[in-house]
Amino acid sequence: MDHRLIRKLRPRLLAWLRRSRSGRVLFMKRFPYKDIKRATDGFQSIMYTTSHIAAYKARFQDGGVVLIKEMRDYDQGKDAFYREVQLLGRLHHRHLLALKGFSTGHKRLLVFDNIERGSLKEHLTDPLRTPLDWRTRLQIVIGVVAALEYLLLFNEPPMYHVSISSSSIMLDENFNAKLSDVGLQSSGENYVTVPHTSCARDCMGQECGNIMFQLGVLILELITGQSADDGGADLVQWIREYRFCSSIHKMLDPDLGNSYDSRELKSLLAVAKLCVRYGDKPKTSILQVLRYLHKKIESPHD
């Protein structure tokens with residue numbers, strides 16, 4: 001979609017969203033704490049953790065595998081927690097992990113949708129899993145990009161607090177990417193999800209800089225198959241090198257073999273380099289980056 005058309009339609013879309021969300025309070029299922037404790041094997045089935053979040057794999061008696069997030073050190077009141085639950089419950093996008101319900105027993109817990117195939121990190125690092133081919137990796141990048149477009153441009157208020165990592169990206173049965181760490185404390189701090197209004201138009205503030213950096217690191221993980229547990233410091237250092245192009249063949253994930261498209265690879269590397277170049281002070285808006293990625297990857301070659 002043309003960038004100027006998006007700018008023109010955005011006020012109407014946001015007005016429609018406000019009208020559509022002004023009705024009754026959204027109903028979310030409340031899960032018994034004992035059921036969640038049993039489904040997570042006593043909170044032992046850990047998927048990923050941060051200083052404020054612990055995510056668990058849970059299998060309920062109906063056989064479904066879901067993601068449970070425990071909100072640690074959430075010092076706002078219950079009313080604030082409920083408001084955030086309602087906000088997350090209103091997010092609907094095919095590349096966001098849908099919220100199914102919550103629990104406020106001994107812990108403050110969020111129950112998300114099916115994660116039968118687990119996390120992206122598992123598929124990149126577990127030698128027992130079938131390697132991801134090039135088309136699947138492109139599909140994952142484009143899925144993350146589509147989710148970011150929705151969160152930043154087509155959601156009211158825009159959701160800038162999102163964590164993008166191979167650990168927190170889940171895959172459905174068709175290997176579609178699902179962002180699982182949006183809102184609440186995904187950035188590692190307590191906050192309200194209303195952003196600075198000055199950042200909403202061109203998206204070039206610190207919030208978007210952090211998102212762009214994470215997106216760049218994720219792309220490098222998908223290209224190299226290497227983990228970014230250290231924040232991607234080694235990967236970022238590599239792509240920032242002046243002569244990094246001469247070492248691309250050494251850095252490619254061996255699982256890819258010769259199945260990748262060299263033009264698409266160069267486009268992805270260009271995006272990754274731009275995303276990590278300026279840190280939290282981006283010189284290019286994230287919307288420009290996303291438009292470039294759509295053009296280079298999704299459009300057919302000439």
Side-chain angles (χ1 to χ4, degrees), residues 47-48 95 117-148 163-179 210-279 282 284 286 288-302:
M47 294 287 291
Y48 64 90
H95 293 293
R117 291 197 182 272
S119 70
L120 172 58
K121 181 177 180 179
E122 290 174 300
H123 288 270
L124 289 175
T125 61
D126 188 345
L128 298 180
R129 291 183 181 263
T130 302
L132 301 174
D133 61 26
W134 179 248
R135 300 312 305 178
T136 300
R137 298 183 197 216
L138 288 181
Q139 174 182 290
I140 290 169
V141 173
I142 293 170
V144 171
V145 167
L148 292 177
S163 176
I164 306 168
S165 71
S166 59
S167 296
S168 62
I169 292 175
M170 304 297 150
L171 301 177
D172 69 9
E173 62 276 7
N174 296 316
F175 292 95
N176 291 308
K178 303 278 188 177
L179 300 189
N210 292 335
I211 292 173
M212 288 176 65
F213 186 88
Q214 293 176 65
L215 176 61
V217 172
L218 176 70
I219 292 173
L220 293 177
E221 282 191 86
L222 286 164
I223 289 173
T224 66
Q226 297 183 27
S227 175
D229 288 339
D230 59 351
D234 292 340
L235 295 175
V236 170
Q237 181 179 356
W238 166 65
I239 202 171
R240 283 176 173 172
E241 292 176 356
Y242 180 70
R243 300 181 181 276
F244 87 96
C245 289
S246 62
S247 60
I248 290 177
H249 66 285
K250 297 179 181 178
M251 295 292 289
L252 278 178
D253 188 347
D255 287 336
L256 285 172
N258 295 318
S259 66
Y260 61 90
D261 183 299
S262 59
R263 287 177 291 185
E264 291 174 337
L265 173 62
K266 290 179 181 178
S267 295
L268 278 185
L269 285 169
V271 171
K273 188 171 185 178
L274 183 62
C275 286
V276 304
R277 185 174 183 181
Y278 296 108
T284 304
I286 195 168
Q288 291 174 315
V289 172
L290 301 185
R291 282 167 48 224
Y292 173 85
L293 188 58
H294 281 307
K295 178 181 178 180
K296 292 295 184 180
I297 302 301
E298 291 189 308
S299 61
H301 297 309
D302 296 329

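Distance check, rounded to the nearest 0.5 Å: CG of L269 to CD1 of I239 gives 5.0 Å. Atoms CG and OG1, from D234 and T224 in turn, are 10.0 Å apart once rounded to the nearest 0.5 Å. Of the inter-residue distances, the one linking M251 atom CE with I223 atom CD1 reads 10.0 Å to the nearest 0.5 angstrom. Between W134 atom CH2 and S259 atom OG the span is 8.5 Å, to the nearest 0.5 Å. Taking CD1 of I169 as the start and CG of L222 as the end, the distance is 7.5 Å to the nearest 0.5 Å. Distance check, rounded to the nearest 0.5 Å: OG of S165 to CG of L215 gives 12.5 Å.
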*side-chain contact (heavy atoms from CB on, under 4.5 Å) between L268 and L138, worked out*: CA-CA 9 Å; L268 278 185; L138 288 181; 3.5 Å; yes
*asked:* Checking L274 against Y292 for the side-chain contact (heavy atoms from CB on, under 4.5 Å) test, could you report, in this order, the C-alpha distance in whole Å, the side-chain angles of both residues, the deciding distance, and whether it holds?
replied: CA-CA 11 Å; L274 183 62; Y292 173 85; over 6 Å; no
_With side-chain contact (heavy atoms from CB on, under 4.5 Å) as the criterion, how do D253 and L132 come out once you've worked through the C-alpha distance, each side chain's angles and the decisive distance to 0.1 Å?_
CA-CA 10 Å; D253 188 347; L132 301 174; over 6 Å; no
*Evaluate the side-chain contact (heavy atoms from CB on, under 4.5 Å) criterion for residues I248 and W238: first the C-alpha distance (whole Å), next the side-chain angles of each, then the deciding distance (0.1 Å), finally the verdict.*
CA-CA 10 Å; I248 290 177; W238 166 65; 4.1 Å; yes
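In terms of heavy-atom proximity, S168 sits nearest to S163 at OG-O, 3.5 Å. Taking both residues in full, the closest heavy atoms of L256 and L252 are given as CD1-CD2, 4.4 Å, listed atom of the first, atom of the second, then distance. Heavy-atom minimum distance, L179 versus A147: CD1-CB, 3.7 Å. Across V276 and V217, no two heavy atoms sit closer than the pair CG1-N, 4.1 Å. Here the closest heavy-atom approach between residue S166 and residue E221 is recorded as OG-OE1, 2.9 Å. Of all the heavy atoms in Y48 and S167, the pair that sits closest is CD2-O, 3.4 Å.
More than 12 heavy atoms of other residues, nucleotides or ligands lie within 6.0 Å of CG in N174, so this atom counts as buried by the packing criterion.
Salt-bridge annotation for E264 and R137: absent, with no side-chain N of the basic residue lying under 4.0 Å from a carboxylate O of the acidic one.
For the side-chain hydrogen bond (donor to acceptor under 3.5 Å, both in side chains) test, residues two or more places apart in sequence or in another chain that qualify with H123 are R129. The salt bridge (Lys or Arg N to Asp or Glu O under 4.0 Å) search around D133 returns none, not counting sequence neighbours. For Q139, the side-chain hydrogen bond (donor to acceptor under 3.5 Å, both in side chains) criterion is met by N176, not counting sequence neighbours.
Side chain of S119 to backbone of E122: a donor-acceptor contact under 3.5 angstrom is found.
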